[in-house]
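Quick note: numbers below take in every heavy atom, side chains included, and nothing from hydrogens, waters or symmetry partners.
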Amino acid sequence: MAGCLLAGCSALPALPGMGGAKADPAATGTPTASSTPTPARAVSDQEATSVLADYVKRNNAANKARSDELLAGYEGGSSFTIDKASYASSRILRKTIKYQPFGYTNAAFHTPAAGQEPWFLATAHWQRKPTTAKEPTYLLFARQADGWRQMYSPDAFDGTTTDELPAIAADASAVGPTDGTGLLMSPADFAKKYASHMVGKGTAADKSLFAADSITTGAAKTRQRMNQYARITSTARPATRYPSYTLRTTDGGALTFTTIERTIRYDVRQGPERNYVFQKDSGILRGKYYTYMKITDLFQVAAHIPPKSGKPDQVKVLANYSGLVAGSGR
């Protein structure tokens, strides 16, 4: 599914923005082999492999039909909200797409220890012949009353290799949102502080807790470039209506998955030239807006929270999946 570019113009070309749903990601991968016994886990590799294969099959069918009903059969949480909005945008634009199936390869599975809630994490590489993504994708699935749902699917940032992702123990334990035991900060604190950081807010001390990443640096550049065309008001907050998930990593830290909701309003600056703003390739926001434009997007982020060591350290955001889910303007 094509991404969206935010643009503002006063006789100038489009300016890049943030967001846009991931491309329709076909042969499924198999788990990496291990010669050592695996501790009891909430979900076996065999079951996880089956869930991933079923997800790929259903996702290809739904993407080809752009069907919300089919989408709801295998996605949940913020994944469903983002992709449903992308389907709606695509239908409004009446895009003609020659559909090609996708899949994942080199899948490896990570699951909380037995006795904990039934969810699991897969790392894999998106594949559509003859192309295989260089960067890995995180795929997080949770079991619900009526079956498994894919809840998160953030792609690692450009240039990231699988070896650079934090290692997760075979018997890793899940971490609750407010549990900061041994961590630089709890998952809930991360979501709150990072949401402020995304829109350029928060204290200097809070900002120093995060390593530079393409989400925050890209958003800052967009605000700077768009400022000459519009007054910008940005807010962001943890989207707590969607579940978050966290696993302990082998270094004593944690890998957390959470969703951030961001809203940006652009009030167009009036002057001798007639300025406007627009959202490129979006069926939700069509045309040019000469007074204001307001957008709401969701960001799935995966981040490594380091262990608390008493020394200066930073949280590293590793992966992202985002999309515009609402908008208005005139």
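A donor-acceptor pair is defined here as one N or O able to donate and one able to accept, closer than 3.5 Å; no such pair exists between the side chain of T216 and the backbone of M198. A donor-acceptor contact shorter than 3.5 Å is absent between the side chain of D54 and the backbone of K57. Under the 3.5 Å distance criterion, the side-chain polar atoms of R223 are left unmatched by any main-chain donor or acceptor of I232.
Among L209, V301, D189, the one residue that satisfies the side-chain contact (heavy atoms from CB on, under 4.5 Å) test with Y194 is V301. Checked against H304 for a side-chain contact (heavy atoms from CB on, under 4.5 Å), the options T256, D251, L165 give a single hit: D251. When the options T246, T178, T258 are evaluated for a side-chain contact (heavy atoms from CB on, under 4.5 Å) with P187, the one that passes is T246.
Aromatic rings from Y152 and Y138 are positioned such that their centres are separated by 6.0 Å or more. Close placement of the Y290 and Y276 rings is indicated, their centers lying within 6.0 Å of each other.
A salt bridge links R237 to E261: at least one charged side-chain nitrogen sits closer than 4.0 Å to a carboxylate oxygen. Using a 4.0 Å cut-off between charged nitrogen and carboxylate oxygen, D313 and K311 do not count as a salt-bridge pair. Ion pair D281/R286 not flagged as a salt bridge, since none of the NZ, NE, NH1 or NH2 atoms sits closer than 4.0 Å to an Asp/Glu carboxylate oxygen. For the pair K316 and E164, the salt-bridge criterion is not met [side-chain N within less than 4.0 Å of a carboxylate O].
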From CA spacing to verdict: ring pair (Phe, Tyr, Trp, His ring centres under 6.0 Å), Y245, F257: CA-CA 5 Å; Y245 301 86; F257 295 81; 8.0 Å; no

Apply the test salt bridge (charged side-chain N to carboxylate O under 4.0 Å, His left out) to residues E47 and R143: give CA-CA distance (whole Å), side-chain angles for both, the deciding distance (0.1 Å), then the verdict. CA-CA 11 Å; E47 183 176 8; R143 189 161 63 203; 3.3 Å; yes

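Here the closest non-hydrogen pair linking I82 and V325 is CA-CG1, 4.1 Å.
In this structure, Y55 and Y74 have perpendicular ring planes: the angle between them is above 60°, well past the 30° mark. Note: H197 and F210 have parallel aromatic rings, judged against thresholds of 30 and 60 degrees for the angle between ring planes.
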